[in-house]
Amino acid sequence: MKPITLRMMEALADRMVLDKECVIYLQNMRNGYEGECEFGVLMESLKSPHLLLHDLYFEPKFSGSIQIDFLLLIGNSIIVYEVKNYSGVWIYGEEVYRQGNMERSNPLIQLARTKNNFKSLLREMGYSHITVEAVVLHIGKSFTLLQAPDNRNVVLPTQISDHLAKLNSYQYPISEQLANLAQVLPKRTMDPPPFTKMIPEYSFEALRKGLRCEQCGELAVRFSQRIYHCQSCNYKGRNRTAIKSAIDEFKLLFPDQVLSGFTLSKWCDGTISPSHCRKILRK
């Protein structure tokens, strides 16, 4: 499932004009999400016995919060993965990657912090003797990192095949301790707080109104009884689907507001009457 911040930004992108900084931020989030999806597909190809946990967020008692993209339990070890989906040619630095005037923090710095905090969580849970490794995996096929040192904690796109081959060499079952941990960890996870710093200010009145096409995502829908017709991609879908999407999107952007029939009608740009909207909400 997409992170809530990404869903909010995508909803706003169609209903208001984003400034350049927000557009770049949205694109980076989309790239990150697409990279995680691609990594998930890679892990499905693993033939060795393993367990894979995804999108974990913890708030331990004795360390800082922990957000983990992927956690691979294999053999007697745990591998913490930080997945990056960068593109183009970058130059490696101890603190940052550089591409012209652009800089990105070296992901190894955050990864080391995540690993240490996770090990602290394991000690808190009584699993202090488990081996924990941490890897930054660069999944973007067009990504090149110049001057990168030989570091087993960094997997570049050209090294992914060898990394998977190494994982497939684990032909024995995961330990009983890891299997038990895999059952316990999801119970300790929490919903991460949405990162709202980059979300622009918005109001109901200022946002563009309309129903969203489930095929292309555009707000270009016309209704006719039970079927809607998208004026952008010519797709025809069920009214019920478009209305449910509109309700979900309103609740995403305005979680503290009560949704009335009048408000839902206005949110749908008047394509549905307030009385019909009240019936929909009662159902």
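Side chains included, hydrogens not; waters and symmetry mates left out as well; all remaining heavy atoms used.
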Using the rule that Ile, Leu, Val, Met, Phe, Trp and Tyr join whenever any side-chain heavy atoms are under 4.5 Å apart, tell me whether [X] and [Y] fall into a single cluster.
| X | Y | answer |
| --- | --- | --- |
| Ile79 | Val155 | yes |
| Ile160 | Val154 | no |
| Leu108 | Leu146 | no |
| Leu51 | Leu178 | yes |
| Leu253 | Leu211 | yes |

If you round to the nearest 0.5 Å, how far is [atom2] of [Y] from [atom1] of [X]?
| X | Y | atom1 | atom2 | result |
| --- | --- | --- | --- | --- |
| Gln99 | Thr144 | CD | OG1 | 10.0 Å |
| Arg98 | Asn106 | CZ | CG | 10.5 Å |
| Cys277 | Ile247 | SG | CD1 | 8.0 Å |
| Leu185 | Leu56 | CG | CG | 7.0 Å |
| Phe250 | Leu207 | CZ | CG | 10.0 Å |
| His276 | Asn239 | NE2 | CG | 7.5 Å |

ask   = Can you name the closest pair of heavy atoms from His50 and Met43 and give their distance?
value = NE2-O, 3.8 Å

Closest approach of Ile91 to Gln147 (non-hydrogen atoms, all atoms of both residues) = CG2-OE1, 3.7 Å

Heavy atoms, side chains only, cut-off 4.5 Å: are [X] and [Y] in contact?
| X | Y | result |
| --- | --- | --- |
| Cys233 | Cys213 | yes |
| Tyr228 | Glu214 | yes |
| Asn28 | Met198 | no |
| Leu52 | Leu46 | no |

request  = Please check if atom NZ in Lys119 has more than 12 non-hydrogen atoms from other residues, nucleotides or ligands closer than 6.0 Å.
outcome  = no

inquiry  = Students often mix this up, so state it plainly: with edges at 30° and 60°, are the rings of Phe254 and Phe204 parallel, tilted or perpendicular?
reply    = perpendicular

ask   = So, Ser48 side chain and Leu167 main chain: donor-acceptor pair closer than 3.5 Å or not?
value = yes

key: Exam field: side chain Asn85 to backbone Ile139, donor-acceptor pair closer than 3.5 Å   = no

Could you go through residues 62-75 and list every donor-acceptor pair under 3.5 Å that involves a side-chain atom there, pairing it with any protein atom two or more places apart or in another chain?
| unit_1 | atom_1 | unit_2 | atom_2 | d |
| --- | --- | --- | --- | --- |
| Asp69 | OD2 | Val83 | N | 3.1 |

Pairs flagged by salt bridge (charged side-chain N to carboxylate O under 4.0 Å, His left out) wherever residues 231-244 is involved - sequence neighbours left out = Lys244-Asp248

key: salt bridge (charged side-chain N to carboxylate O under 4.0 Å, His left out) pairs, two or more places apart, involving residues 76-93   = Glu82-Lys84

Could you tell me which residues satisfy side-chain hydrogen bond (donor to acceptor under 3.5 Å, both in side chains) with [X], sequence neighbours excluded, listed by chain and number?
| X | value |
| --- | --- |
| Arg113 | Gln110 |
| Asn31 | Gln27 |
| Ser275 | Ser273 |

Can I get a per-line list of side-chain donor-acceptor pairs under 3.5 Å for residues 7-22, giving both atom names and the distance, sequence neighbours left out?
| unit_1 | atom_1 | unit_2 | atom_2 | d |
| --- | --- | --- | --- | --- |
| Arg7 | NE | Lys2 | O | 3.3 |
| Glu10 | OE1 | Lys2 | NZ | 2.8 |
| Glu10 | OE2 | Lys2 | NZ | 3.3 |
| Glu10 | OE2 | Arg30 | NE | 3.0 |
| Asp14 | OD2 | Arg212 | NH1 | 2.5 |
| Arg15 | NE | Glu249 | OE2 | 2.5 |
| Arg15 | NH1 | Arg208 | O | 2.7 |
| Arg15 | NH2 | Gly210 | O | 3.1 |
| Arg15 | NH2 | Glu249 | OE2 | 3.0 |
| Asp19 | OD1 | Glu21 | N | 3.3 |
| Asp19 | OD1 | Cys22 | N | 2.8 |

message = Suppose the criterion is side chain to side chain donor-acceptor pair (under 3.5 Å): which pairs have a residue in residues 32-47, not counting sequence neighbours?
response = Glu38-Lys141

note = side chain to side chain donor-acceptor pair (under 3.5 Å) pairs touching residues 148-164, sequence neighbours excluded, are Tyr81-His163

Expected list for residues 122-131: side-chain donor-acceptor pairs under 3.5 angstrom, two or more places apart:
| unit_1 | atom_1 | unit_2 | atom_2 | d |
| --- | --- | --- | --- | --- |
| Glu124 | OE1 | Lys61 | N | 3.1 |
| Glu124 | OE2 | Arg188 | NH2 | 2.9 |
| Tyr127 | OH | Asn180 | OD1 | 2.3 |

note = Sorted by chain and number, sequence neighbours left out, ring-ring contact (aromatic ring centres under 6.0 Å, His included) with Phe58 holds for none

Candidates Phe143, Trp90, Phe39, Tyr92 - the one meeting ring-ring contact (aromatic ring centres under 6.0 Å, His included) with His138 = Phe143

Counting only pairs under 3.5 Å, give me each side-chain donor-acceptor contact of residues 255-267, with atom names and distances, residues two or more places apart or in other chains.
| unit_1 | atom_1 | unit_2 | atom_2 | d |
| --- | --- | --- | --- | --- |
| Ser260 | OG | Thr263 | N | 3.1 |
| Ser260 | OG | Thr263 | OG1 | 3.0 |
| Ser265 | OG | Ile272 | O | 2.5 |
| Lys266 | NZ | Glu205 | OE1 | 3.3 |
| Lys266 | NZ | Glu205 | OE2 | 3.1 |
| Trp267 | NE1 | Ala246 | O | 3.1 |

